[in-house]
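The chains referred to below are lettered A, B, ... by the order of the sequence lines, with proteins before strands, and numbering in each begins at 1.
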Amino acid sequence: MSNDNILPEIEASAHCDGPCGVYDPASARIAGEAVQSMTKKMLALEYPKVFSSESMASYLNTMSRYAAIKDEEAQKCKHELLVLWTDFFKPVHLEAHPELHTTFWNAAKLCSACKVEVSAAHAQELMDAIEAIHTMFWAIKGREVPWIRAS
Amino acid sequence: MERFIAVLSGDSMWPTYHDGDRLICSATATIDVGSVIVFKHPLRANLNAVKRVSKIEGDWMFVEGDHPDPTSSNDSHNFGRIARSSILGVVVDKED
């Protein structure tokens, strides 16, 4: 069947977008919550009242585990944010969200700060930045998705 | 134009349609979930895109590519829903 002579013709794209799949800032949010949780636990962990090899070993073991998880989750959070920033968001999104680059850059910096420090303030700032990204993301997708925390 | 030919570029509709296929489209055909449509890309004004309707919410639609690799299609997973008013036509046939 040929309609070359009677039908107008247009070009239509069915191109792929290699790095893109299913995106959701929830991945960064969960990692960020873990960072904040570990930060709070580290700040709340009391130094042993009775000094002994056993009490110190227990204290150091617990603190080390908190620190290791905080570091790991902060790195994971940074990775998830960078994937969103570099793969999902496109230049055209800057028109509606001119603060996009600054928000992501600050969020990534906060991930690093939360690794280096034990700062409740920076952990909260990281969560605030992720919430801002959540809001931008779902606005672009045209859906109303409430900001919900697991913790 | 009530009927037109959309010349396909890309593989996100594989295996249903292939790069270079000439799709016969109708601007008046009914659109249902499962219809393959040609529409104005919501983020690229000069680009027409071809995808399959996966969900309809009033005057808004979610579209997806047919390619089984979830990373192979730039569709509603990336750019969100599209407006019914952005639709140019429904694919009704393919030239042999």
**Q** Name the region of L43(B), side chain, backbone, both or neither, that has any atom closer than 4.5 Å to a heavy atom of chain A.
**A** both
**Q** Could you tell me which portion of L23(B) (side chain, backbone, both or neither) has an atom closer than 4.5 angstrom to a non-hydrogen atom of chain A?
**A** neither
**Q** If I compare all heavy atoms of M42(A) with all of A67(A), which pair ends up nearest, and what's the gap?
**A** CE-CB, 3.7 Å
**Q** Rest of the hydrophobic cluster containing V116(A) (Ile/Leu/Val/Met/Phe/Trp/Tyr, side-chain heavy atoms under 4.5 Å)?
**A** none
**Q** Which atoms of F39(B) are under 4.5 Å from chain A, going by heavy atoms: the side chain, the backbone, both sets, or neither?
**A** neither
**Q** Determine the minimum heavy-atom distance between T30(B) and S35(B), stating which atoms define it.
**A** O-OG, 4.0 Å
**Q** Specify whether Y59(A) and Y47(A) have parallel, tilted or perpendicular ring planes, treating 30° as the upper limit for parallel and 60° as the lower limit for perpendicular.
**A** perpendicular
**Q** Go through the atoms of V38(B) and report whether side chain, backbone, both or neither lie under 4.5 Å from a heavy atom of chain A.
**A** side chain
